[in-house]
Structure formats: C-alpha cells, structure tokens
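A short write-up of the structure that comes next.
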Amino acid sequence: MKPFTMHAVLKYRRQLEDSARQTLAQAMEIEARLQKMLQQTEKELTGLYADLQQDQEQGTTVDRLRLFDTRIDLVRNELEAQRTKLIEQQQQVAQRRQMLVKRSKDRKIIEKVRDQQNAAYARFLEKKEMTMLDEIAVLSHERKPL
C-alpha cells in the first residue's frame, strides 16, 4: 500500500514560510524607515541647538529664544515618540523573525518525514520484490525434474 503523500502538506508549509518571510521583510522595511526618520529628527534637533547657540552668542530677542525653546521641546517630544515606535517595531521584527524560523523548522520536519516515508516505502517495495523473486525461484525449482 502506497503511503500518504506529503506534497499537499509540504506545499502548505512552504506557503506559510513564504508568508512569514514576506511579513518579516515588510517589518524590516518599516523599521528602516523609522530609523531614517529618527536620524533626520536627531539631525534637526542638533541643528536647532547649533542655531540657538549661535543666536545666543550673537545676541537675540527673548521672543526668538522662546520660539527656539518651544521648537526644541516639540522636536524632543517627536524624537521620543519615534524612539518608542522604533523599539516597538524592533520587537515586532524579532517576533516575525522567530515566526519565520518556526515556519522553516516545520517545513524541514515535514520534508524529513516525507523522505523517511519514501525511504520506508522503497524498502517495503524492495522487500516485496525479493519475496516475489524468492517465490518464483521456489516455483521454478519445484517444476524441474530430478
């Protein structure tokens, strides 16, 4: 009796692995975008501090200093929010990476089971063939007169 073929199960496992690979790639793209935005915001904050330093050295009005202070506070808050988003996204990337590893292991397990099943079936057929050859040999030996 031919064993259950694992093609459908293996195909499904491959689809799950491909899906996990795609979601990981998407999450990594989002992480890269967030990283870039964070770097731009940090650069903006550094520029604001440099401009503030320059204005303080040259002399400026109180209103301009207040505007700088307000803008710096806004950029700092934005920077903190971006850092939080980046940390959350990094955690999501780690989860997606673990899911991909799990899916990949599941697929490999099914492939091993399929290979073992095919090898066992091949041994079964070989044994059956040997049995049939033995029967043929016995029957042909019985027919020969002494």
Side-chain angles (χ1 to χ4, degrees), residues 1-140:
M1 170 172 61
K2 184 149 172 65
F4 173 73
T5 60
M6 297 290 219
H7 297 299
V9 176
L10 191 56
K11 181 179 175 184
Y12 177 69
R13 296 292 182 173
R14 284 185 183 135
Q15 288 173 347
L16 288 177
E17 184 180 7
D18 290 343
S19 174
R21 188 175 292 116
Q22 288 174 351
T23 57
L24 174 62
Q26 290 170 350
M28 289 175 74
E29 286 176 17
I30 292 170
E31 180 186 10
R33 251 187 277 132
L34 288 172
Q35 190 90 30
K36 188 175 182 180
M37 287 173 50
L38 181 67
Q39 289 171 351
Q40 289 173 346
T41 306
E42 287 174 342
K43 195 180 286 185
E44 180 184 357
L45 186 60
T46 304
L48 284 171
Y49 280 130
D51 290 346
L52 178 63
Q53 181 76 22
Q54 185 179 11
D55 273 9
Q56 285 176 344
E57 288 172 1
Q58 293 176 354
T60 186
T61 64
V62 173
D63 289 335
R64 188 154 167 84
L65 290 175
R66 284 184 184 164
L67 286 174
F68 265 114
D69 191 41
T70 304
R71 182 66 184 150
I72 288 172
D73 283 343
L74 285 173
V75 172
R76 270 198 224 146
N77 290 338
E78 185 179 333
L79 190 63
E80 195 57 41
Q82 288 176 348
R83 283 185 180 138
T84 303
K85 284 181 184 178
L86 181 62
I87 289 170
E88 289 172 358
Q89 189 62 33
Q90 287 171 339
Q91 291 171 347
Q92 192 148 62
V93 166
Q95 289 173 349
R96 302 265 166 97
R97 188 170 280 126
Q98 288 174 345
M99 182 59 73
L100 176 59
V101 168
K102 181 185 179 301
R103 302 285 187 196
S104 183
K105 284 181 181 179
D106 289 347
R107 178 190 51 83
K108 287 178 183 178
I109 288 170
I110 294 297
E111 285 177 346
K112 276 186 177 179
V113 168
R114 179 198 62 192
D115 292 344
Q116 289 172 353
Q117 189 180 43
N118 288 343
Y121 185 65
R123 286 191 305 272
F124 168 76
L125 288 178
E126 188 176 313
K127 204 181 237 185
K128 192 171 183 178
E129 183 180 356
M130 292 300 289
T131 305
M132 291 173 85
L133 289 174
D134 287 347
E135 272 187 47
I136 290 172
V138 167
L139 289 176
S140 66

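These numbers were taken from a predicted model, which means no experiment stands behind them.
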If I take atom [atom1] from residue [X] and atom [atom2] from residue [Y], how far apart are they, to the nearest 0.5 angstrom?
{"X": "Leu65", "Y": "Thr70", "atom1": "CG", "atom2": "OG1", "value": "10.5 Å"}
{"X": "Lys102", "Y": "Gln98", "atom1": "NZ", "atom2": "CD", "value": "11.5 Å"}
{"X": "Ile110", "Y": "Gln117", "atom1": "CD1", "atom2": "CD", "value": "10.0 Å"}
{"X": "Leu38", "Y": "Ile87", "atom1": "CG", "atom2": "CD1", "value": "9.5 Å"}
{"X": "Thr84", "Y": "Gln89", "atom1": "OG1", "atom2": "CD", "value": "13.0 Å"}
{"X": "Leu48", "Y": "Asp69", "atom1": "CG", "atom2": "CG", "value": "11.0 Å"}

Given side chains that start at C-beta, do those of Gln92 and Arg96 come closer than 4.5 Å, heavy atoms only? yes

Does a side-chain heavy-atom distance below 4.5 Å link Gln39 with Gln82? no

Could you go through the salt bridge (charged side-chain N to carboxylate O under 4.0 Å, His left out) check for Glu80 and Lys85 one step at a time? CA-CA 9 Å; Glu80 195 57 41; Lys85 284 181 184 178; over 6 Å; no

Which of these passes side-chain hydrogen bond (donor to acceptor under 3.5 Å, both in side chains) with Glu111: Arg107, Arg114, Lys108? Arg107

When you look at Glu78 and Arg71, which way does the salt bridge (charged side-chain N to carboxylate O under 4.0 Å, His left out) test go after all the steps? CA-CA 10 Å; Glu78 185 179 333; Arg71 182 66 184 150; 5.2 Å; no

Dump the intermediate steps for side chain to side chain contact (heavy atoms under 4.5 Å, CB included) on Glu129 and Leu125, then the final yes or no. CA-CA 6 Å; Glu129 183 180 356; Leu125 288 178; over 6 Å; no

List, one per line, each side-chain donor-acceptor pair under 3.5 Å for residues 18-37, sequence neighbours excluded.
from	atom 1	to	atom 2	distance (Å)
Asp18	OD1	Arg21	NH1	3.0
Arg21	NH2	Glu17	OE2	3.1
Thr23	OG1	Ser19	O	3.3
Thr23	OG1	Ala20	O	2.9

Could you please spell out the steps behind the side chain to side chain donor-acceptor pair (under 3.5 Å) verdict for Glu57 and Gln53? CA-CA 6 Å; Glu57 288 172 1; Gln53 181 76 22; 3.3 Å; yes

Determine whether a donor-acceptor pair (N or O, by modelled atom type, separation under 3.5 Å) exists between the side chain of Ser104 and the backbone of Leu100. no

Please find the pair of heavy atoms, one from Leu16 and one from Arg103, that lie closest to each other, and give the distance. CD1-NH1, 3.5 Å

Not counting sequence neighbours, which residues clear side-chain contact (heavy atoms from CB on, under 4.5 Å) with Arg64? List them please. Asp55, Thr60, Thr61, Phe68

